[in-house]
Amino acid sequence: MLRTRFAPSPTGDLHVGGARSALFCWALARGAGADGRMLLRIEDTDQKRSSAAAGLGFLEDLAWLGIDWDEGPESGSSGGGETGPYFQSERLDLYATCMQSLTDAGHAYLAFETPEELTAARAAARAAKVPYKYDRAALDLDPATVQAWLDEGRPHVIRFKVPDDAPVVVHDAVLGEVTVEPGELEDFVIRKADGWPTYHFAVVVDDHAMGVTHVVRGQEHLANTPKHVLLQEALGYERPVYAHVSLIFNPDGSKMSKRDKDKALRSAVRERSIESPPAVCGIDDGQWATWLGDKAVQLPAESAAALANALQVELPEINVADFREGGYLPEVVLNYLALLGWSPGNDIEQFDTAFFIEHFGLDRIVKSPAKFDRAKLKAFNLDAIQAMSPGTWLERLRAFAQVHEPTFLDAMTPEQFAVFAEANRERSKTLRDPFDSGRFFVLPDHAITWADSKPVRKALCKGEPSGYDLLAAVIEPLRAVETWSTGSIESCVEAFAQANCDGNLGKIAQPLRVAVSGGPVSPPIFDTLDILGSDAVLARIERCLANPIASAPT
RNA sequence: GACCCCAUCGUCUAGUCAGGUCAGGACGCCAGGUUUUCAUCCUGGAAACAGGGGUUCGAAUCCCCUUGGGGUCGCCA
């Protein structure tokens, strides 16, 4: 039996690093077939931070990626299981029992120092430039004093008495042997003053109680592992196999963090010396000042998005949800994530889930950290889109629009949307691209403007005859087209080009493109005109002619 | 600062464990070409074993040091 678990704390969306840990856990379990089980456990032992189910957004993210679990919170067809409950907040009795056996055996003891005292001691150690370690003062308390303090209800924690007579050796499936010398570890807290277990204690008790055989997690936990191993020995548990996967970084080498969005916004705000919050953010001056002054403070997601929009700042994608909204395909994100820190050992880079599950193994996980390369992800996404049948592309684009861009479905007939989808199929790197670049399709005719830019000027003003001249001349032939379709438009414009542009289609295509879209970029011109419809095309050309850029009011 | 981890093209990596092909692939980049715009597409190209010592007939590969990067050091997880 092989049992893995993904154990996030309920603090919101799934981060790409967490997603990859979950993915590796899942692939390991699925690769074992009927003998493999994937568990999901919610680590909500921080009463201050986890409130209710506020932060369970990652369940949706996991489902989107196609990662399911055999045991854990019920969601969709996942969940259930015999070793629950799977919320640590519902397992307090178990922790209490195990805690008691640990103290009874003399492996743990009560300590009464206040957080303030400990903070002061750490500060003093830092000032004196000596490494801080808890001094075990509470170990010398006589039983009578302890009892007296307990009777008066003095707050206390329980610390684990770390054996300091032998080195701790962890055998990691990725990193090999990691040794920590005796005396390096302090007597860490295993029960907080509020009676709840700390992470270290709960994780060890639960992994054992749930029969977890393989622990796959981020390398930020490597330094914690000796503590867990010691706890397992004291409790008489077997050790699971550990596999610590390296961290994922931003292209600039910094750690990919949930706070990166706020970081990008803050620097944009500073750069432009913006004093007060733009109204669209919906936050007051006080919140604004707090946010600007404290790196640890995050703006609510909606405010952040509004601010980014107002400032024209592109927020970095760091959560799985960001990639979903960005129009990446879940199977591609999964493929890319799998490749970030693992490889099948040959030149194969693009593969499906079945291939990944079949070939995945702990022994081929890369030790060194990886930078997240959005360009490569995008290239993979493009390849996947190009490999789709036109019908599949249409359906997926429609499904994306339903959730993220309903305006397009409202503004177009199913037939128009089908042409729109097909016209964008070979030029889209994401499901989002057609909507971003095709915004002009759903704007009212009077909202199209012609900003004075180099490509626009070139299309409209340059040449003899100029684009404006050609546009004026092409209106009548276009008006005469009887059945508006890609084909009829094409014959009309081709004929016009033969007669007026020396047969050079580009001479009329680009002015038309600029006239109807306001810019130099659109899908192939005949498709563009077809989707827009005759009325809009004629109206936009006329407006374009009536508002020449040289004299356009600014 | 202490402890721990890591180190091949700009990036992700194969090759390392069982030393022996001009160090392979992909993304990106550059140069051409196709194309009614953007994008796509096609062809070609530049591009790496962090540095220094060992061991060896032979080192990207084994050992040591240096340098660089990262993680941890909470009554957070």
Side-chain angles (χ1 to χ4, degrees), chain A residues 7-11 43-46 48-50 88 111 113-115 118-119 122 125-126 129-133 155-159 170 172 174-176 178-181 184-186 188-200 202-203 218-226 244 246-247 249 251 253-255 336 339-350 363 366-380 382 385-386 424-429 433 437 455 459 493 497 504-510 512-514 517 519-526 528:
Chain A
S9 58
T11 50
E43 311 233 318
D44 55 350
T45 53
D46 186 353
K48 294 184 209 78
R49 273 206 266 177
S50 18
Q88 290 188 323
E113 289 83 358
T114 64
L118 293 170
T119 305
R122 285 189 195 102
R126 179 177 288 263
K129 298 201 170 181
V130 293
Y132 172 79
K133 200 172 130 189
H156 61 278
V157 300
I158 296 180
R159 284 181 185 268
V170 177
D172 189 275
V174 175
L175 300 170
V178 179
T179 305
V180 174
E181 294 306 319
E184 286 295 334
L185 264 33
E186 70 167 358
F188 55 94
V189 173
I190 54 179
R191 194 180 78 172
K192 311 178 214 176
D194 64 7
W196 289 49
T198 61
Y199 162 72
H200 302 301
V203 81
Q219 235 180 71
E220 70 266 25
H221 288 296
L222 181 61
N224 290 327
T225 309
H244 288 94
S246 64
L247 273 14
F249 294 109
S254 62
K255 188 185 171 187
Y336 182 74
L339 213 54
L340 209 56
W342 176 84
S343 100
N346 48 37
D347 288 343
I348 297 174
E349 288 203 307
Q350 299 194 8
D363 55 329
V366 176
K367 295 178 181 181
S368 45
K371 291 178 186 169
F372 196 95
D373 183 359
R374 290 181 181 84
K376 186 156 179 171
L377 204 215
K378 204 166 262 206
F380 277 28
L382 171 79
I385 286 174
Q386 292 189 336
N424 277 292
R425 191 162 62 86
E426 286 189 345
R427 54 196 291 281
S428 299
K429 294 190 176 184
D433 282 351
S437 67
V493 177
N504 188 340
L505 191 60
K507 288 217 167 104
I508 180 62
Q510 196 60 0
L512 275 172
R513 189 186 321 278
V514 170
S517 75
V521 176
S522 89
I525 191 62
F526 306 125
T528 300

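In what follows, every chain begins at residue 1, and chains take the letters A, B, ... in the order their sequences are listed.
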### Query
Can you list the residues that meet the ring pair (Phe, Tyr, Trp, His ring centres under 6.0 Å) rule with A/Y336, with sequence neighbours excluded?
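Counting only residues at least two positions away or on another chain, A/Y336 forms a ring pair (Phe, Tyr, Trp, His ring centres under 6.0 Å) with A/F372.
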
### Task
Taking atom types as modelled, find out whether A/S522 and A/S517 have a side-chain donor-acceptor pair closer than 3.5 angstrom.
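Checked: A/S522/A/S517 side chains show no N/O donor-acceptor pair below 3.5 Å.
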
If you look at every strand shown and take non-hydrogen atoms under 4.0 Å, does [X] touch a base, only sugar-phosphate, or nothing?
X: A/R191; answer: nothing
X: A/K129; answer: nothing
X: A/E113; answer: base
X: A/P524; answer: base
X: A/H244; answer: nothing
X: A/P8; answer: nothing

I need the [atom1]-[atom2] distance between [X] and [N], as an integer number of Å.
X: A/L382; N: B/C38; atom1: CG; atom2: P; value: 17 Å
X: A/L377; N: B/A26; atom1: CG; atom2: P; value: 18 Å
X: A/K371; N: B/U13; atom1: NZ; atom2: P; value: 11 Å

#### Entry: Results of side chain to side chain donor-acceptor pair (under 3.5 Å) for A/E186 - residues two or more places apart only
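Checked A/E186 against side chain to side chain donor-acceptor pair (under 3.5 Å); zero matches.
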
Taking atom [atom1] in both [N] and [M], compute the distance separating them and give it to the nearest angstrom.
N: B/G53; M: B/G69; atom1: C1'; value: 23 Å
N: B/U43; M: B/G51; atom1: P; value: 35 Å
N: B/U8; M: B/C49; atom1: C1'; value: 4 Å
N: B/C62; M: B/U16; atom1: C1'; value: 10 Å
N: B/A23; M: B/U13; atom1: C1'; value: 13 Å

### Heavy-atom pair with the smallest gap, counting every atom of A/T198 and A/V189
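Nearest pair, atom of A/T198 first, then A/V189: OG1-O, 3.0 Å.
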
### Query
Which pair of heavy atoms, one from A/Q510 and one from A/A459, lies closest together, and at what distance?
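Scanning both residues, the minimum pair turns out to be CG-CB, 3.8 Å.
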
### Query
Below 3.5 Å, does any donor atom in the side chain of A/E349 face an acceptor in the base of B/G25, or the other way round?
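Answer is yes: a donor-acceptor pair is held.
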
